[in-house]
Each structure stands twice: as C-alpha cells, then as structure tokens.
Protein chains: 2
Amino acid sequence: MARTNPAHRRITLHDVAQFCGVSYQTVSRVVNNNPHVSKETRRRVLRAIKELNYQPNHVARSLVTRRSNLLEVITFGSNHYGPSQMVAHVEQAARQQGYNLILTNISHMSLDEIRAAINSLSGRLVDGLIMITPVKGVEYDELADLCDGIPFVMIDTQLGSTTPSVVINQWYGSQLATQHLIDLGHRAICEISGPLNWHGAVARHESWRATLAAAGISPGQSAEGDWTAVGGYQAAVRLIESRAHFTALVAGNDQMALGAMRALREAGLRVPQDVSVVGFDDIPEAVCFEPPLTTIRQDFDLLGSQSVEYLLDLMKRPDTPLQQRVLYPTLIERQSTLPLS
Amino acid sequence: MARTNPAHRRITLHDVAQFCGVSYQTVSRVVNNNPHVSKETRRRVLRAIKELNYQPNHVARSLVTRRSNLLEVITFGSNHYGPSQMVAHVEQAARQQGYNLILTNISHMSLDEIRAAINSLSGRLVDGLIMITPVKGVEYDELADLCDGIPFVMIDTQLGSTTPSVVINQWYGSQLATQHLIDLGHRAICEISGPLNWHGAVARHESWRATLAAAGISPGQSAEGDWTAVGGYQAAVRLIESRAHFTALVAGNDQMALGAMRALREAGLRVPQDVSVVGFDDIPEAVCFEPPLTTIRQDFDLLGSQSVEYLLDLMKRPDTPLQQRVLYPTLIERQSTLPLS
DNA sequence: ATCTTATTTGTGAACCTTCACACTCAATAG
DNA sequence: CTATTGAGTGTGAAGGTTCACAAATAAGAT
C-alpha cells in the first residue's frame, strides 16, 4: 500500500508534478477536472496521485479561492429535543451536499454570545451560516450586520418575520392540538406552555388561546414550564393546586406532557378518562408513554434539508429572495385523549 | 461604528500597517502578543485594528503554522441519547479550550464510512480527532493508519483495549444494576439488552450474566432490543410470551425500560409490585416515568471534558502515553424497584 | 509552404500569514 | 572611545494552491 512519507511533510502539487514530469499547473488541472489536459497526461498524473497518496490541501485552496466548503451552525438549547434534532438533520443535509459542518452551541442566547461565536469563526472563512435561534432577543438586522456578507438562514425563528429562514408553523400545530380537544367535546382546556421567551412557546401559547376564542370558549389556566419533564410536572402541580377545573391539557412538548401526566396521576386523576392530554414533538418515546401520547409531529428531517438547500441557494445566487419558508406539523392521535363523557 | 469596506475586500495586515505607518510584521507582532514592540506602537496599532475592524485570516495563518484550531468529532448513532450527549459535551469542552469543532455523523459504522469522513477532512488540517465508536468493527490499527499522524482519542469503545480512549465502565454499571436487584432478594432476573454489535450492549449483557453467576444465580432469559422504546416494548413482549418467569428486569437503557414497562402493564403485571425494572443512562425524563425509574447514571459531561483534555495532551506532547481512561457510573434508586415480597 | 486557430502545457503572481534573520539605534561595559 | 548588548523594527522567503496569461505544439485553412 501507498504509505505516506516518513519525513511527515505533506505531498504537494509540486511533488506530484515532479514525479511524472509535468508542471504543477497540469496536476492542478487534473485535480480540478479541467478539460484542457490530454488523455494520456491525465492518466499519468492520476496514477502518480494515487501512488504518492496526494491529498489536496484545503487550506491553501481556501486561501486563494476564498471558499472553504465549510458551513457553520450556531445553535441554542441543543440539549432540548427540537434543537438537537435540527442540528442532526442539518448536519446530514450539509454532508450530502458535500459540505462539512462546524458546530457551535451557545449556552446563553444573547447577541454577545452570538457575536463571540461568529467572531471566533470570522477569519475562518465559512461559506454559510445556519442559526438556530429559538428564543427572543436577536434581531435580523443586528445579525446581518454581524455576519457582514456571509449568507445565513435562521431556523426556528419568529413566524411571519421576513428574515431568510425556515420554520415549522407552531401556531398551526397548537391549533391542531387545541381543535382536536375541542372536537372531542372538551371546554375546560388548560395549558402548560414552554418558556415564554421562546418564539415557539409563545406561538403555541397564543394559538391555544386564539383557537379557544374562535370556538367561543374562554381559556383555562396556563402554567409555564421549562420544556423538561420535571418542569412539566411542577407546572401541572401548580395547575392542580390552584383548584382549576379542567378536562383537557395542552402541553408545550412531550416531555412536559410526561411530567404533567405523572402529576395528574399522583393527584388521583386518570389520563385520559378524567383528563385528556396532548403533547408536541412526537418524540420516539411518546408512543410508549402511559398512556401513549396524542401529539403533534414536526418534520425535522425536512426542516434540515430545506434550510441547507435554501442556504446553498443564497450562496450561489445572492439575489435569491429573502423569505421565510414554512413547514406544517401534523396531528398524531393516540390514547391520551378521549371524548368528553 | 466601524463598518467594513464596501469593496468587500478583507482588511489585511498590510492595510493596518499602512494605516499607521509601520511594517506588517509589527502589526503581526501586536496581534500575536509578541512582547518585542514598544508601548506606544502597540497602542497605535491596536487602535488601527479597531478602526479598520481587522480580523486575522485564520486560513492564511493555518497555511503557515500548520495548525487550524479545529477539532473534528466523528460519531455514530448520534440519534441515540448516549452519543448525542457525548457530542454535546465534547463541543462544550472544545469550545472552552478555544477550539472549534467539526461534526461528522456517520450513518453506517464501517471502515469505509470512517475513511470517507476522514478523507473529506484530510486536507483540511484538523488538529485532532475524537471518534465516538460505540459499535464493533473498527480496529485501532486501521484507524491509526487512516489518521496518519493526527492525534485522536476514541470514546465509548471497548473496555480494556489499550487504544487512546475515554470510556465509562459499562460492565460496572450493569453490575450495579444487577446487584441492586439481587440485594433486593430477586432471583429471577431477565434482561433486555441493547443491540449486541454495540460494545456497551455486550458489556452490560455479559456483566449481567457474570454478576448473577457470582451470586450463584442462573440467568433468566435475555431479549435483544434496539435502544428505542418501541424496541424495548417488543423485546419485553417476546419475554412475556415465552412464558419466562421473572420478578425483575434489567434494561439496556431507559428508553427500552420505558417500552418494557408499557408491555408489562399491558400484560397485567405491575411495576414494581410484580416486576422490578432498572434502566441505564438516567435520561432527564426517567424521574417522571410511571413509576419513576431506578437507573444507572453516566457522567457524560465529565466524559466530554476528559476526552478533549486527553486529546489536547496528545496534541501538545506526542509522547503522552496511550491509555484508556475509565469513568464509573452510579446507581440512582427510584420507585421502579422493590424488595421481593 | 504559410498563416490561423485550437489545444495542451508552463510561468509568474497572488492569496495572507508567520518565521528566520538582518538591521537600526540607544544604552551599557570594557 | 570602541565593542557589546538588547530592544524595537523591517525584509525576504515560504506555505500550497488557483488565476490570468504566455508559450509551445498540433491541426486546419488559404
């Protein structure tokens, strides 16, 4: 097998060129599939490349082409199911398109943190940027300013904004959930929302209210959770202790639904006989909850590939219109909801 | 505010140098905190840098220094809880040390896939590599060959191998789980294992057998799952349908424990009164399971920081001994286990 | 045979840094 | 008063590639 040189100096274009008696430019042409090279020469060069185990130096190439084949994703809250799914699928899509991905997870969503993340990359020449910004406090203009010309798209940002972004319509999802309960005859419908500094949490929360209002129903109580099961448990406990009467519960995500169901059970309430519960996300475990959870499914796979696709468009044709692309979630009915008896 | 130049040409050392009438080398010295520059000059240069919004070009720097401040993590199965936690914590640790992280998630764990992942990066000059290789089929020697000099550490590889790696002792974890059940008086202890092409699954499986054997107990039946809740459910169904008698169940992870508990309940068996169940991982939701799950906690945070730390050692001092660093999990007792009545 | 034209190959510069070294100038030592 | 040091600064090269262009060769047209 072709082993590398012991001196541990990387093989360069020049080495290959010398090896088969052509100029480095010719080798470069072969490497880049330039048609202006004779069949015979190409064959010889190709063999030399293999023989010497030549690997083009991306760094040198980037220096002159000003492109790196590198995308960056800046994410917040990637310990939560949604963001982590987004990252995973973005990575997959990027790799399919021949790009590598730099991952930066920031722990406090502030402009300063984002600035730091971008700056730490700024000299690094990433070709494009995907930002997963599920919480409030970051405006498009500031970001555009920060990125200074490098194309970017946002994921999971505010619905209805005109920034280049791909989002799942959370409003619609929560409407599906709430309407489902209304259709089952429920009228006393409480909510456990996500943290209200998250766009998605606000959208789901307001849609819950609006959907009830549209049906002429006054909303039940709402308690704010933190996306975790424990947070959902505590929120449900607060709801129960406030002596609110309700026959149905909309949870901001599946984990909180899990915690809520635990709290309900501890309070002697049966799900779904006494209280119907619907979650959000359709995490893989939801089908095995006790009882299996009715929930809203989001297509994170599509979200990832759409974002990367959009970003690549933006990179290739800077005149690509800036828009928000919107995906729609679906309702998954299981056994945690029941018609009001 | 200092906006960038309209011509969209990046500001370079030369621009800054010209701007304040010194040589580019002096500017370079200021940027790199070289002490050999007078106080007054440094001040002037610093102001010019700010004024022009100069950002050092990482690519050009890398070309000459042959270092990139870039780490890569190649991972398999990052849709599972363990691997995804590892990635998250590795990223965090890397960033704390001033490194950026390239993430590559491969879908089929084979040498070919790994080769492709490494090759796609090979010219990219990553300073170090972390491989999360929880499944069998990849040998150290091949990997070392592939990496050709760039330092790497493995995570979650086979316990007891002499490759540079950081692992959590899965054997010990499963021993904790099994012994806990034995201590509670259980003698009929079945198991739902993870996929047996995973190192961790094998370790947990064999430790279960060994721990029972050490106590003079013959092992109950074992069914293989796929780490998911549904897989755990199906495995438990097989166990139940085989009419195996058991009073306790060891699950390979928490998700499978969840599925198993669902299957048990459907079969009319109560957890923990009829069957005690113990999981593995201590996912955040486990505390809200019905009932709250006794499980084994792994410290992924420590795992991440240890790996990065070790890798950095390897990078700085190539004579750092190649070893396996081992962390230990702990037992978390909740309500899914009960003394045999 | 000569002039075009097309095809293949080679040369010089550029990308933006850092490194190794040389230079200048002042202060100290002999 | 010259030699030696040392701090501060500048110069040339190198790192490995691509780009724009020039040169050489081959093929075709007049």
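Just the heavy atoms: all of them, side chains too, but no hydrogens, waters or symmetry mates, feed the values below. All chains are named by letter (A, B, ...) in the order of the sequence lines, taking the proteins before the strands, and each is independently numbered beginning at 1.
- Contact check for A:Thr320 versus A:Tyr310: side-chain heavy atoms found under the 4.5 Å cut-off.
- Residue B:Ser62 is out of contact with every strand shown, counting any heavy-atom pair closer than 4.0 Å.
- The side chain of A:Ser38 approaches C:dT8 more closely than any other nucleotide in the set D:dG10, D:dG16, C:dT8.
- Taking atom NE2 on B:His36 and atom P on C:dC25, their separation rounds to 19 Å, with Å as the unit.
- If you take CG on A:Leu125 and OG on A:Ser62, they are separated by 6.0 Å, rounding to the nearest 0.5 Å.
- The side chain of B:Arg66 lies closest to D:dG15 when the candidates are C:dT9, C:dC16, D:dG15.
- In this structure B:Arg43 satisfies the salt bridge (charged side-chain N to carboxylate O under 4.0 Å, His left out) test together with B:Glu40, sequence neighbours excluded.
- Atom-to-atom, NE2 of A:His58 to C1' of C:dC15 comes out at 17 Å; the value is rounded to the nearest Å.
- Within the 4.0 Å cut-off from OP1 or OP2 of D:dT11, not a single side-chain nitrogen or oxygen of B:Ser23 is found.
- The side chain of A:Asn57 sits closest to D:dG16 out of C:dT9, D:dT9, D:dG16.
- Remark: B:Thr12 is not in phosphate contact with C:dC15, judged by side-chain N or O atoms under 4.0 Å from OP1 or OP2.
- A centroid separation of less than 6.0 Å is found between the aromatic rings of B:His14 and B:Tyr24.
- Remark: B:Glu91 engages B:Arg95 in a salt bridge (charged side-chain N to carboxylate O under 4.0 Å, His left out) (not counting sequence neighbours).
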- Starting at the 5' end of nucleotides 18-23 of chain C, put B wherever the base has a protein heavy atom under 4.0 Å, S where only the sugar-phosphate does, and a dash everywhere else. BBB---

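- With A:Leu146 as the partner, the side-chain contact (heavy atoms from CB on, under 4.5 Å) test is satisfied by one option alone out of A:Ile114, A:Leu129, A:Asp141: A:Ile114.
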